[in-house]
Amino acid sequence: MKNAVRMLLASAVGAALFGTAAAQTYPAKPVTMIIPFAAGGPTDIVGRQLAQAMTKPIGGTVIVENKPGAGGTLASEFVKTAAPDGYTILLHHIGMSTAPALYRNLRFNPLTDFEYIGQVVDVPMTLVARPDFPANNMKELVAYIKANKTKVNLANAGLGAASHLCGLLFQSAIQTEIQTIPYKGTGPAMTDLQGKQVDILCDQTTQTTQLIQTNRIKAYGATSSKRISSLPNLPTMAEQGYPQFDVAVWHGVYAPKGTPKPVLDKLNAALRQAVKDPGFTSSMDKLGTLPVADSAVTPEGLRSHLKAEIDKWTPIIKKAGQYAD
Ligand code: ASP
């Protein structure tokens, strides 16, 4: 018994020493930030800007790798099983909190399989349609969908994506089920929307702001509680009678469970500097995003928000379950 305790202590001390030694030279090679959706889409846009902003404070390159599929859950699973050495990290969004309710056999537990580095930025969503869609405002949109429910389709980035959640809330609010078309990200979904191959999409402002500003797509409402400063003419969903549409796509940075604490501390310090980086904040501001409080850019700030969001979305998703793909 005594020997077992001694061995356990020795291995804990060994791991801590290893962590300290590793942190001294960390990063000795590029850090890979895994993005759970397709290149060119909203999460990719946040991820690339963030990776660039983290590069200087971390003292090494942060590169981005897209691992899309299964509404973002493939990337989480990949990072769960990656080496816990600080060289593989995950940028994910609200989907980390909706996946447990959506997937019966999820192969990771968001609350126990990761280390938490901190939150990044909040991104509102917008309900948009192809440029030639007949409806010109929310009222017309709802009337058109109800009259043409077998013809209209709604693109999303798969079960667990923010666009899926938003579409679920929309169908539930208007009590009409429409056909959904899943993509590996809203990047490719937006290409098809602009190409008039799909009808409507609920997508983050990081991708839609400039397209709405230049009238390349139609927009019906924003999912934020206040109007988005870069899109002042776009009414909120709540203003139009749909208060259940208060969806902020929050983002977090995660590492595999067991990543040494000194390495996590370095990642957190780099993240805290990156979210205040003037280049990062100005490009994010232009895309309608909202900064998060300093207390959110911490391991506990991310973990407690994740837990609160799982508790918030689980009953809502279960209730709207009939609309899940
Ligand atoms: N954020 C995703 C993307 O980058 C899509 C989504 O969550 O709806 O494609």
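Residues take their numbers from the sequence shown, with the count starting at 1. Numbering of ligands and ligand atoms starts at 1, following listing order.
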Exercise for the section: Would you verify whether the NZ or CZ of Lys67 falls within 45 degrees of the ring axis of Phe78 while also being under 6.0 Å from that six-membered ring's centre? Expected result: yes
Exercise for the section: Determine whether the aromatic ring centres of Tyr87 and Tyr26 lie less than 6.0 Å apart. Expected result: yes
Exercise for the section: Could you tell me if the ring centre of Trp250 sits under 6.0 Å from that of His305? Expected result: yes
Handout entry: Donor on one side chain, acceptor on other, Thr126 and Thr208, under 3.5 Å
Key =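 Looking only at side-chain atoms, Thr208 and Thr126 do form a donor-acceptor pair, the distance falling under 3.5 Å.
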Practice task
Say whether Ser283 and Gln49, considering side chains only, have a donor N or O and an acceptor N or O under 3.5 Å apart.
Solution key: yes
Practice task
Report all protein residues having a heavy-atom distance below 4.0 Å to some atom of ligand 1; order the list by chain, then number.
Solution key: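 Within 4.0 Å of ligand 1, the protein residues are Phe37, Gly41, Pro42, Thr43, His93, Ala157, Ala161, Ala162, Ser163, Gly185, Thr186, Gln204.
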Practice task
With sequence neighbours excluded, tell me which residues meet salt bridge (charged side-chain N to carboxylate O under 4.0 Å, His left out) with Asp285.
Solution key: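 Listed in chain order: nothing, the list is empty.
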